[in-house]
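Counting begins at 1 with the first residue of the sequence.
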Amino acid sequence: MFKIKVKELFDSFMAWAKDLITWNHFFKLIGVVIILFAMWIIYRLILRRIKKMPAEKMSPQHSLIVTKIVNYAFFIIVVMFILSLFGMKLSAVWGAVGIGSMVLAFAAQTSVSNIISGIFIVAEKNLKVGDFITVGSESGVVDDIGLLSVKVHTPDNQMVRIPNSSIINTNLRNTSYFPQRRMTISCSISYDADLNFALETLKKVPEHCPAVLQNPAPAVWFDSFGESGINLTLAIWFDASNFLDAKNQAFVAIKRVFDEAKIEIPYNKIDVKIYGNV
């Protein structure tokens with residue numbers, strides 16, 4: 001009995017295979033393979049064109065976003081084409097996709113918000129890969145600009161994912177946006193010092209700092225009267241990549257010129273006076 005059922009199943013399968021394997025189906029299969037291959041070639045050519053696009057026409061972050069969009073589009077087109085081969089009507093599929101998109105939009109409003117924010121970030125060109133940014137309490141170098149978030153690594157080499165909506169809704173500080181930056185350094189002099197002489201002495205500091213730019217010109221001014229001395233401010237310009245060098249050189253030079261000019265840098269101290277016999 002079992003052998004008879006197996007034989008019937010085998011005969012049914014062979015009959016189905018015989019109906020399937022025909023010259024008509026064979027040529028259809030060849031046509032499908034050719035179409036899929038042509039789609040893949042076009043897809044690869046588009047990606048290659050994007051990669052070869054000059055930086056002045058398409059920035060790296062724009063190229064990254066466009067590449068992701070092309071990848072998603074290619075996947076969707078291939079899936080839709082394969083579904084159509086099985087007799088599924090595309091109008092019904094698009095209707096299902098539309099309904100599904102509405103459901104997902106309500107269920108994932110945060111993701112939709114991040115995608116829209118990502119489009120604004122790319123369009124505004126306020127940051128790019130390699131920039132040092134600060135968003136809220138997080139600071140780091142931009143590694144990736146995606147559709148949902150921006151990934152940065154902090155100075156202590158930790159990865160932080162910042163949602164795009166947070167960047168749009170929060171003040172963004174891009175330290176690397178301009179090629180040059182200005183730094184202000186406060187210092188104090190004793191109330192007994194000659195103020196004009198101290199001012200001229202502080203102006204000599206940039207001469208001892210190779211990382212400090214002379215154009216724009218450095219500036220020096222009196223800031224306020226402090227508890228222990230008179231506060232002055234030195235403003236210097238430098239290339240953004242030379243931040244640490246410029247800061248260290250300026251501090252060393254301030255101490256040097258004040259020591260050479262015999263100008264005291266005041267500090268908190270306690271005077272102890274003992275009266276009477278010990």
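For residues 144-163, every residue pair satisfying the side chain to side chain donor-acceptor pair (under 3.5 Å) rule, not counting sequence neighbours, is listed here: Asp143-His153, Ser149-Arg161, Thr154-Asp156, Asp156-Gln158. Note on residues 187-206: pairs passing side chain to side chain donor-acceptor pair (under 3.5 Å), not counting sequence neighbours, are Ser188-Asn231, Glu200-Lys203. Counting only residues at least two apart or in different chains, salt bridge (Lys or Arg N to Asp or Glu O under 4.0 Å) contacts with residues 129-141 comprise Lys128-Asp131.
Side-chain N or O atoms of Ser166 include none that pairs as donor or acceptor with a backbone N or O of Ile162 at under 3.5 Å. When atom types are taken as modelled, the side chain of Asn126 and the backbone of Arg173 share no donor-acceptor pair closer than 3.5 angstrom.
Ser139 pairs by the side chain to side chain donor-acceptor pair (under 3.5 Å) definition with Thr134, not counting sequence neighbours. Scored by the side chain to side chain contact (heavy atoms under 4.5 Å, CB included) test, Leu36 finds Val32, Met39, Val78, Phe81 as partners (sequence neighbours excluded). With sequence neighbours excluded, the residues satisfying side chain to side chain contact (heavy atoms under 4.5 Å, CB included) with Leu45 are Ile41. The side chain to side chain donor-acceptor pair (under 3.5 Å) search around Ser176 returns none, not counting sequence neighbours. Remark: Ser186 pairs with Thr233 by the side chain to side chain contact (heavy atoms under 4.5 Å, CB included) rule, at least two apart or across chains.
Taking both residues in full, the closest heavy atoms of Phe238 and Arg182 are given as CE2-C, 4.0 Å, listed atom of the first, atom of the second, then distance. Between Ala235 and Thr184 the shortest heavy-atom distance is CB-CG2, 4.1 Å. For the pair Phe132 and Asn174, the tightest heavy-atom approach, listed with the atom from each and the gap, is O-OD1, 3.5 Å. The nearest pair of heavy atoms linking Pro206 to Val212 is CB-CG1, 4.1 Å. Of all the heavy atoms in Glu264 and Pro266, the pair that sits closest is O-CD, 3.4 Å. Of all non-hydrogen atoms in Leu232 and Leu199, the two that sit nearest each other are CD2-CD1, 3.8 Å.
Hydrophobic clustering of Ile, Leu, Val, Met, Phe, Trp and Tyr side chains at less than 4.5 Å, counting indirect connections, keeps Phe178 apart from Val142. In this structure, Ile167 is not a member of the same hydrophobic cluster as Met159, with clusters built from ILVMFWY side-chain heavy atoms closer than 4.5 Å. Under the 4.5 Å side-chain contact rule for hydrophobic residues, Leu244 and Val141 do not share a cluster. The hydrophobic clustering, which links ILVMFWY residues whose side-chain heavy atoms are closer than 4.5 Å, places Val160 and Ile168 together. Note on Val220 and Ile263: same hydrophobic cluster, where clusters join Ile, Leu, Val, Met, Phe, Trp and Tyr whose side-chain heavy atoms are under 4.5 Å apart, directly or indirectly.
Residues Leu213 make up the rest of the hydrophobic cluster containing Trp237, defined by ILVMFWY side-chain heavy atoms closer than 4.5 Å, directly or through other members.
Put simply, the side chain of Ile133 does not reach to within 4.5 Å of the side chain of Thr175, judged on heavy atoms.
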Report task. Just do the side chain to side chain contact (heavy atoms under 4.5 Å, CB included) check on Ile189 and Ile265 with the steps written out, would you? Result -> CA-CA 5 Å; Ile189 60 172; Ile265 299 177; 5.9 Å; no
Report task. Determine, step by step, whether Ile236 and Cys209 satisfy the side chain to side chain contact (heavy atoms under 4.5 Å, CB included) criterion, reporting the C-alpha distance in whole Å, the side-chain angles of both residues, the deciding distance to 0.1 Å, and the verdict. Result -> CA-CA 10 Å; Ile236 54 176; Cys209 306; over 6 Å; no
Show me, pair by pair, the donor-acceptor contacts under 3.5 angstrom made by side chains of residues 249-260, not counting sequence neighbours?
residue, atom, partner, partner atom, Å
Gln249, OE1, Ala211, N, 2.9
Lys255, NZ, Asp259, OD1, 3.4
Lys255, NZ, Asp259, OD2, 2.6
Arg256, NE, Glu260, OE2, 3.3
Arg256, NH1, His208, ND1, 3.4

